[in-house]
Amino acid sequence: RADVLDILLDEIGHLRRYEYLCNEQTASKLKAYLLEKRIRTYLGKPFDYDEDVNKLIRKLTTAQKKEGAWGWWQDTPVAVWVSVHVAEALLQAEEMGYATVFDKRKFTDYFVFQVERETGFDDKLRMLKILKKLGANVDFARHIRQLDSLTIPPKPVVVKNKLGYTKTITPPPSGEVGRGLLLLEFKQMAGFDAPLDTIWKYQQTTLFGNRYWGETSYHPYQNEVQTTLAVYRILQAKGGYARELASIRNYFLERRQPGYWRNTYESARILETILPDVLGKEKTLRPAQLTVQTGGETKTVKQFPFTMEANPNSSLEISKTGSLPVYVTAYQRFQNTNPATVDKDFAVKTTFKGQNATQQKLKAGETVTLRVDLEVKKDADYMLVEVPIPAGCSYADDATPAWMRGGYETYREQFRHKTAIYCTKLAKGNYAFEINLVPRFAGTYTLNPAKAELMYFPTFFGRNGMKMVRIKP
């Protein structure tokens, strides 16, 4: 691809196709549709998803809790970061002319009350930001003073080497620095003094020279990407930093090396932040040409986007001429017919109760319980456990009663081919999940591996191996 808009549309499509629909993911999908409509309107192309937008709006409106906020899933405890994300999505839909009926007054009143009680930095700041957007009557200056007292950046330290020479260094960005930059964004947003010296002091660069801020953290709403987005918005609002903003955009594009950004929340936040600067500036960027050599053939490419297939046994060489960038993705797909067990982060085991053999024998018509044992090796937030259901089986009429699900399950979805189990927080330890099934059709079937992963960082996962299931008549 030679157009950033093509990349953003590809990311939006990936986000729209994501199969799960917690309230965060529903809001992220809604933001994705709204962003796609803006792009297509800009390009003069039709937008055919208004009904999908309205369905997502209705789903989020229905999920609003009686106190006015949202949980991770419907009927789960209030999550401030999810509530803010949902409210932002619905407000954006309103601005684009869609009808929304979510109770803004109840939402505002709830958070005006909660922000006075909140003593932690992260949730308090999120509440203040959304209350400011809603025009709530809040003493923002007093709350900013309180937040200032909670952010203490690391001080420069003097280091002496073996030869006795000393130098003063500033420690690398810490959580406090990241919070300080997030607070700086809110100060600017609320009309208070927001000097930029902290930004330049803690700037970091990748090997490619692209700028970013903050620490790596495996939490969906508190990591280097979210801190860098805050800096981007500060410079965006200040004006006059086109070169720096372009460097940060390239950092985000560099982060897509796996093919897409890491999770739905990250995708939505990056897309909505950088799109205004991409529209009108990147549309006409085209390199002179791309040269692709593979299998003894040479292709010259001048029209983008461009896609081709290459023989995996041949070499592949790509070169570019011209000063403007080309974004190249290379990948291969294959079926893993015998996946190995992975247990570095999470250990997963599935058995039918009363049986332990690799090939498990079931009788058609007799209810059985599929048990999943999970070992969590380090404390984990926002877990997803996917349990395939063998062909030949269906769910029992009583499914799995809520009282059998332990106190650590947040939500459960039953699809035709698998059960998805969600847990907001699992401490290090062992857990068990049960699914009641009825074998329906005689035969021998594959029980695919069950998988446990961090939902927002799926590179951290564990799975068991393949098993065979035999259903007797």
Side-chain angles (χ1 to χ4, degrees), residues 1-12 35 38-39 42 153 169-174 177-189 194-217 221-263 265-288 290 304 318 320-329:
R1 291 182 169 84
D3 189 334
V4 176
L5 284 183
D6 285 337
I7 296 173
L8 299 191
L9 283 169
D10 180 51
E11 186 74 31
I12 287 169
L35 291 168
R38 289 183 62 185
I39 292 174
Y42 172 73
I169 65 170
T170 300
S174 66
V177 171
R179 290 186 175 100
L181 292 171
L182 293 172
L183 179 56
L184 184 68
E185 181 197 5
F186 180 63
K187 288 179 179 178
Q188 182 193 60
M189 176 181 170
L196 304 186
D197 54 337
T198 304
I199 289 178
W200 311 126
K201 186 176 182 180
Y202 293 108
Q203 172 183 284
Q204 302 178 77
T205 57
T206 68
L207 288 173
F208 297 100
N210 298 320
R211 306 166 195 249
Y212 72 100
W213 287 259
E215 279 186 320
T216 299
S217 170
Y221 55 77
Q222 188 174 309
N223 53 54
E224 73 281 16
V225 169
Q226 301 305 324
T227 302
T228 303
L229 283 170
V231 172
Y232 190 97
R233 290 189 291 266
I234 293 170
L235 300 179
Q236 193 179 42
K238 191 77 171 177
Y241 292 95
R243 187 174 66 177
E244 290 81 0
L245 292 175
S247 176
I248 301 172
R249 288 197 297 275
N250 286 336
Y251 164 74
F252 292 131
L253 294 172
E254 189 180 328
R255 298 278 308 189
R256 292 182 82 245
Q257 285 184 13
Y260 298 98
W261 285 306
R262 292 180 296 192
N263 56 66
Y265 184 71
E266 191 168 283
S267 291
R269 301 294 286 180
I270 294 173
L271 287 165
E272 67 183 347
T273 301
I274 71 174
L275 180 62
D277 287 338
V278 172
L279 289 178
K281 297 180 180 179
E282 305 282 4
K283 182 181 176 184
T284 60
L285 294 188
R286 293 288 188 274
L290 199 68
F304 298 91
I318 302 173
K320 178 187 75 73
T321 57
S323 59
L324 298 178
V326 178
Y327 305 93
V328 179
T329 303

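Numbers for residues simply follow the sequence, beginning at 1. Everything numeric in this text was worked out from a predicted model, so none of it was measured.
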So if I apply the side-chain contact (heavy atoms from CB on, under 4.5 Å) rule between Leu245 and each of Asn250, Val231, Leu235, which one comes out positive? Leu235
Geometric class of the Tyr251/Tyr212 ring pair [parallel <30°, tilted 30-60°, perpendicular >60°]: parallel
Is Asp10 close to Arg1 at the side-chain level, that is, under 4.5 Å between some pair of heavy atoms? yes
Go through the structure and list residues passing side chain to side chain donor-acceptor pair (under 3.5 Å) with Ser267, not counting sequence neighbours. Glu11
Heavy-atom closest pair, residues Gln226 and Gln222: CG-N, 4.3 Å
Taking all non-hydrogen atoms of both residues, which atom of Ile12 and which atom of Ile39 are closest, and how far apart? CD1-CD1, 3.9 Å
Please report the closest heavy-atom contact between Gln188 and Arg233, naming both atoms and the distance. OE1-O, 4.0 Å
Kindly compute the distance separating CD1 (Ile270) from CG (Leu8), expressed to the nearest 0.5 Å. 10.0 Å
CG of Leu183 to CZ of Arg179, rounded to nearest 0.5 Å, is 11.5 Å
In sequence, state the C-alpha distance, the side-chain angles, and the governing distance for Arg249 and Val4, and then conclude on side chain to side chain contact (heavy atoms under 4.5 Å, CB included). CA-CA 10 Å; Arg249 288 197 297 275; Val4 176; 6.0 Å; no
Evaluate the side chain to side chain contact (heavy atoms under 4.5 Å, CB included) criterion for residues Phe252 and Val225: first the C-alpha distance (whole Å), next the side-chain angles of each, then the deciding distance (0.1 Å), finally the verdict. CA-CA 8 Å; Phe252 292 131; Val225 169; 4.2 Å; yes
Work out which heavy atom in Tyr202 is nearest to a heavy atom in Trp213; give both atom names and the distance. O-CD1, 3.3 Å
Answer yes if the side chains of Tyr232 and Asp277 hold a donor-acceptor pair under 3.5 Å, and no otherwise. yes
Gap between atom OH of Tyr42 and atom CG of Leu275 - 0.5 Å precision: 10.0 Å
Looking at side-chain heavy atoms only, is the closest gap between Leu290 and Phe304 below 4.5 Å? yes
Set of residues satisfying ring-ring contact (aromatic ring centres under 6.0 Å, His included) with respect to Tyr260, sequence neighbours excluded: His14
Glu272 to Arg269 - nearest heavy-atom pair and separation: OE2-NH1, 3.2 Å
Let me confirm one number: the CG-NZ distance from Leu196 to Lys238, rounded to the nearest 0.5 Å. 5.5 Å
Please report the closest heavy-atom contact between Ile234 and Leu181, naming both atoms and the distance. CD1-O, 3.8 Å
From CD (Glu215) to CD (Gln204), nearest 0.5 Å: 8.5 Å
Go through it in stages, so that I can follow the logic: the residues are Leu5 and Leu279, the test is side chain to side chain contact (heavy atoms under 4.5 Å, CB included), and I'd like the CA-CA distance, side-chain angles, deciding distance and then a yes or no. CA-CA 8 Å; Leu5 284 183; Leu279 289 178; 3.8 Å; yes
Output yes when Glu224 and Arg255 qualify as a salt bridge under the 4.0 Å nitrogen-oxygen rule, no when they do not. yes
CD1 of Ile7 to CG of Leu271, rounded to nearest 0.5 Å, is 11.0 Å
